[in-house]
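Working notes for the structure below.
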Amino acid sequence: MSTPAPRYASWTHGKLPLPELRELKRRGEKIVMVTAYDAPSARLADAAGVELVLVGDSAAMVVLGHDSTVPASMDEMLMLTRAVTRGAKRPLVVADMPFGSFQVSDENTLEHAIRFVKEAAADAVKLEGAGPMVGRVRALVGAGIPVMGHIGLTPQSATALGGFKAQGRTAEQARKLVADARELEAAGCFSIVLEAVPAAVAAEVTRTLSIPTIGIGAGRDCDGQVLVWHDLLGLYEGRAPRFVKRYADVGTEIRRALEAFADDVRTGRFPEEQHTYAMPDEELAAFFAAL
Ligand code: KIV
């Protein structure tokens, strides 16, 4: 697989330096983030030249088969993050803090974030929300852990938000989103995900911050965009949100291959000579003689 030439002056080899993200925003160059949950996918994302790989707690839905992101556990997220950091060498790897891992206290949040950095080699963590979470961000950043914020539709609180629906659609909600984004920036976030918010509101948040915004369902004026791996590749069978664009239909291709395999097995077309091992004639003869 060919490796694309790095686009950025300071990214000639190795890990993308985190400050480069702000530079990209300053220069008006778009930032690309994609989710991944295993090493081969992370290797492909690296080869495609993306800047950021998010080990999203969306794994609970697209990998583990749950109906929401809430059941994702620390142990599951640590295992997935370890796999991704083994595969993604150049992109920055962001581990999503699962529900329950940052709600209790600053100390407890710090302990969990440290596990992502020490045990799973994550470059940064992401946590959902503002308000009471701003202090958490400050505690993590104070300990030297880079934090990505996430506001708008925050799937871990979908029930409280009244479902998986767009946020910030009234003037008051939009004003609050801008205020939340500013607080998260002041607390030290290096970037903020804006999920399912009107494009005009995301544009205003993006204009007002000096850190990059990464949009998902937030219009084209964000500094970067993220999509969930399974949505982007056509691997997820649930109803896709309005903001998803499918770039491939890998699910159909996998099913076609599995049906072809099953057919070959049932009709005896697989395995063929080239797929089997032989042994020396004399060993075979000795084997039968010994039976
Ligand atoms: O968990 C996830 O994949 C996310 C992205 C949708 C931003 O939080």
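These values consider heavy atoms only, across backbone and side chains, with no hydrogens, waters or symmetry-generated copies. We count ligands from 1, going down the list as the structure has it; atoms in each ligand are counted the same way.
Cluster membership check: L153 does not share its hydrophobic cluster with I214, using side-chain heavy-atom separations under 4.5 Å among Ile, Leu, Val, Met, Phe, Trp and Tyr. Put simply, V62 and Y247 are part of the same group of oily side chains (I, L, V, M, F, W, Y) that touch within less than 4.5 Å, one to the next.
Side-chain atoms of K25 come within 3.5 Å of backbone atoms of L209 as a donor-acceptor pair (strictly under, hydrogens ignored).
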Test salt bridge (Lys or Arg N to Asp or Glu O under 4.0 Å) applied to R27 and E20, step by step: CA-CA 10 Å; R27 295 203 297 267; E20 186 68 24; 3.2 Å; yes
Stepwise ring pair (Phe, Tyr, Trp, His ring centres under 6.0 Å) check, H275 with F270: CA-CA 8 Å; H275 307 121; F270 178 84; 5.1 Å; yes
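Counting the atoms of ligand 1 from 1 in the order shown, those under 4.0 Å from a heavy atom of G56 are 1 (O), 2 (C), 3 (O). Near S58, the atoms of ligand 1 lying under 4.0 angstrom from a non-hydrogen atom of the residue are 1 (O), 2 (C), 3 (O). Which parts of ligand 1 touch H150 is read off a 4.0 Å heavy-atom cut-off, strictly below it: atoms 8 (O). Listed by number with element, the atoms of ligand 1 under 4.0 Å from a non-hydrogen atom of T35 are 3 (O).
At least one N/O-N/O distance between D57 and ligand 1 falls below 3.5 Å. In terms of polar-atom proximity, defined here as any N/O pair under 3.5 Å, E195 makes no such contact with ligand 1. Residue E128 has no nitrogen or oxygen atom sitting less than 3.5 Å from a nitrogen or oxygen atom of ligand 1, judged on distance alone.
For D96, every heavy-atom contact with ligand 1 shorter than 4.0 Å involves the side chain, none the backbone.
For atom 6 (C) of ligand 1, the closest heavy atom belonging to the protein is I216 CD1, 3.7 Å. The protein heavy atom nearest to atom 8 (O) of ligand 1 is K126 NZ, 3.0 Å. For atom 5 (C) of ligand 1, the closest heavy atom belonging to the protein is L54 CD2, 3.7 Å.
Using modelled atom types and a 3.5 Å distance limit, the side chains of T154 and E195 yield no donor-acceptor pair. With hydrogens and angles left out, the side-chain atoms of T81 and Y37 include no donor and acceptor closer than 3.5 Å.
Remark: of the listed residues T109, N108, V137, V125, T109 is the sole one forming a side chain to side chain contact (heavy atoms under 4.5 Å, CB included) with F102.
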